[in-house]
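Read through the structure below, which is laid out as structure tokens, and then see the notes.
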Amino acid sequence: MHDVPHEIITVAQMYAADRFAAEHGVPTLNLMEAAGRAVADLVLRRKPKPGPVVVLCGPGNNGGDGFVVARLLKARGWPVTVALLGARDALKGDAAINAGRWSGETVPLSPAALAGAELVVDALYGAGLSRLLEGVARDTVMALNNHTAQVVAIDVPSGLHGDLGRAYDGLCVAADATVTFFRKKPAHVLMPGRIACGPVTLAQIGIPDEAIEAIKPALFVNGKRLWGRAYPKPDPRAHKYAHGHAVVVSGPAHATGAARLAARGALRIGAGLVSVASPRAAVDVNAKHLTAIMVKPFDGAEGLAQLLSDKRYNAVAIGPGVGVGEATRAMVYAVLDSDRAAVLDADALTSFAGETEALFGSALGKSVLTPHEGEFERLFPGLLKSSSSRIDAVRTAAAQAGCVVLLKGPDTTVAAPDGRVSINTNAPPYLGTAGSGDVLAGFILGLLAQHMEPFLAASAAVWMHGLAATQFGPGLIAEDLPEQVPAILRRLYEEI
Ligand SMILES: NC(=O)C1=CN([C@@H]2O[C@H](COP(=O)(O)OP(=O)(O)OC[C@H]3O[C@@H](n4cnc5c(N)ncnc54)[C@H](OP(=O)(O)O)[C@@H]3O)[C@@H](O)[C@H]2O)[C@@H](O)CC1
Ligand SMILES: Nc1ncnc2c1ncn2[C@@H]1O[C@H](COP(=O)(O)OP(=O)(O)O)[C@@H](O)[C@H]1O
Ligand SMILES: [K+]
């Protein structure tokens, strides 16, 4: 389980890792050689039969890596041309050294340089490019994106900003594969960068792992490495109450399905007991559809508070199907006053649009807020737009709310108030189906009930949710998600 590092480093941290290596006796020229070799290896794996290759080399160290790739492929007998941006004698340091070691054909960068290429190595710019592509680099990238050659990008597709996960004006190389070094950067996991990268290969090039301890990244690819150790495992001594008693608050009689989806998710993911707290008028319909899950009648916020006074209920989810307005706000306060671990989703969030001050002022510490982008905008107006990236936006939101915030989407981002952030990459597009968010709320609830801390519970639930959808495949509807959990758990217990 511990093979692929899960830390994500920013561009500034990448330069810090470089410096750390240099200070610990690893020459940067060796790093560049190893980087180039890793890229050449990937090229050979993707295209075992030699064919015309064009390496687009930029003015910095990314271009330096490109010269290494060109040399290594040429040494294997491949026909290689370097298309260089700028003058060769303008190159500096390690890049200049590797340009000096290149004895093959070099032409000026231009769209015409792509003619006849079967594979293009993109070594124009790395993750640090902090402006848009201009001039001949821009023209060449536009031509490349309409070319039939497969494209392998070094570090990031050129034009994509490593921290932001997008290009300044939307234009960057569309790669078929990307090789990056030491650790992934945000651009490899955030949308739309993740699509521009294609599959990302992470290569270790000699930067000592201790650099990570010095850098202390707070950003992680969501996966077992992040939360596996904290994941609840079967304990032969435990009884059902040891696995927690989760409660999902149901909506009125005409809107009960969402709560049942969440409840089923919580039960499948291992909560010992699950109850649907149901308004009395909805008890019949809930009871008709539930078996292992219990139904607990209540009326209004006071009734909910009374119900939750039973200390055995240790985690509560509210929001799916409950309706927007004052009655829901009152129930949310009842949940928060009960001091239980809580998931606030859907209508429980929208009910506080324009009234977040009171919500953020209450005891949210044990809660997880699970907005999609629309709900996020209602709770944190303008924050997504004004933040440099989704990571910054969700981190700020978590600090503001004082609890874990999970922003849903193809790159679901979970942030804790202490600054930790996870980004999920395993969710398929067919998760965008009615009710799948309700099941996610249930998964989080079930893990909270099993005493997992909110940031890790939310991250683990998102990963399980993505895997459940992938495993089921196309045609997925929300009801299918909980039923995938047993097979996932069987494998997970063996791996963690
Ligand atoms: N530890 C690792 O991961 C290792 C990483 N390595 C590699 O190094 C790469 C990073 O190299 P890097 O720092 O030289 O950056 P890179 O993009 O090649 O070019 C910089 C050039 O871009 C320009 N320029 C950019 N922004 C600008 C701005 N705002 N304002 C003005 N100009 C700006 C400017 O040139 P100009 O356009 O002005 O001519 C500048 O010279 C990394 O991606 C990886 O491939 C490996 O070799 C080994 C270990
Ligand atoms: N294109 C996509 N790729 C991956 N996951 C997606 C995509 N679109 C939506 N999802 C996921 O589907 C779920 C939808 O949740 P939500 O918007 O709350 O819907 P609902 O309220 O119908 O349950 C979220 O987990 C979200 O991350
Ligand atoms: K590049």
Check: [X] side chain, [Y] main-chain N or O, donor-acceptor pair, under 3.5 Å:
X    : Y    : answer
K233 : Y231 : yes
T413 : D411 : yes
T356 : F352 : no
D176 : V151 : yes
D337 : A334 : no
S436 : L431 : yes
R340 : Y313 : yes
T256 : G251 : no
N426 : W463 : yes
E377 : G382 : yes

[X] side, atom [atom1]; [Y] side, atom [atom2] - distance, nearest 0.5 Å:
X    : Y    : atom1 : atom2 : value
L273 : K240 : CG    : NZ    : 5.0 Å
S459 : M464 : OG    : CE    : 13.0 Å
L440 : L445 : CG    : CG    : 11.0 Å
L219 : R395 : CG    : CZ    : 6.0 Å
H465 : N424 : NE2   : CG    : 10.0 Å
T201 : R45  : OG1   : CZ    : 6.0 Å

message = Using the rule given for salt bridge (Lys or Arg N to Asp or Glu O under 4.0 Å), can you reason through R131 versus D169, listing the C-alpha separation, both sets of side-chain angles and the distance that settles it, and then say yes or no?
response = CA-CA 9 Å; R131 58 193 165 98; D169 63 346; over 6 Å; no
Nearest heavy atoms of [X] and [Y], plus distance in Å:
X    : Y    : answer
P186 : I8   : N-CG2, 3.4 Å
A478 : L261 : CB-CD1, 4.0 Å
C172 : G159 : CB-C, 3.7 Å
Y15  : G128 : OH-CA, 4.1 Å
P232 : L447 : CG-CD2, 4.1 Å
L226 : S422 : CD2-CB, 3.6 Å

ask   = Out of V404, L336, V316, V335, which one pairs with S367 under the side chain to side chain contact (heavy atoms under 4.5 Å, CB included) rule?
value = L336
query = Looking at residues at least two apart in the chain, or sitting in another chain, which of them share a salt bridge (charged side-chain N to carboxylate O under 4.0 Å, His left out) with E213?
reply = none
query = Do the side-chain N and O atoms of D347 and S351 include a donor-acceptor pair separated by under 3.5 angstrom?
reply = no
key: Test side chain to side chain contact (heavy atoms under 4.5 Å, CB included) applied to A263 - qualifying residues, sequence neighbours left out   = V248, V274, V276, I293
Salt bridge present between [X] and [Y] (N-O < 4.0 angstrom):
X    : Y    : answer
E373 : R390 : yes
D41  : R46  : no
E483 : R264 : yes
K185 : D155 : yes

Please determine whether the number of non-hydrogen atoms from other residues, nucleotides or ligands lying under 6.0 Å from atom [atom1] of [X] exceeds 12.
X    : atom1 : result
Q204 : CD    : yes
E326 : CD    : yes
E210 : CD    : yes

I'd like to check the side-chain hydrogen bond (donor to acceptor under 3.5 Å, both in side chains) partners of [X]; sequence neighbours left out, ordered by chain and number.
X    : result
K408 : D345
R420 : D418, E453
Q450 : none

request  = Report yes if some heavy atom in the side chain of S388 is under 4.5 Å from a heavy atom in the side chain of L164; otherwise report no.
outcome  = yes
ask   = Do I318 and V343 come close enough that some side-chain heavy atom pair is under 4.5 Å?
value = no
message = Please determine whether side chain to side chain donor-acceptor pair (under 3.5 Å) holds for the pair N286 and S250, giving the CA-CA distance in whole Å, both sets of side-chain angles, and the decisive distance to 0.1 Å.
response = CA-CA 8 Å; N286 273 316; S250 163; 3.1 Å; yes
inquiry  = Let's go through T10 and D163 carefully: what are the C-alpha distance in whole Å and the side-chain angles of both, what is the deciding distance for side chain to side chain donor-acceptor pair (under 3.5 Å) to 0.1 Å, and is it a yes or a no?
reply    = CA-CA 6 Å; T10 62; D163 287 340; 4.7 Å; no
task = Report the residues that fulfil ring pair (Phe, Tyr, Trp, His ring centres under 6.0 Å) with Y168, sequence neighbours left out, ordered by chain and then residue number.
result = H161
ask   = With ring centroids as reference points, do F20 and F182 lie under 6.0 angstrom apart?
value = no
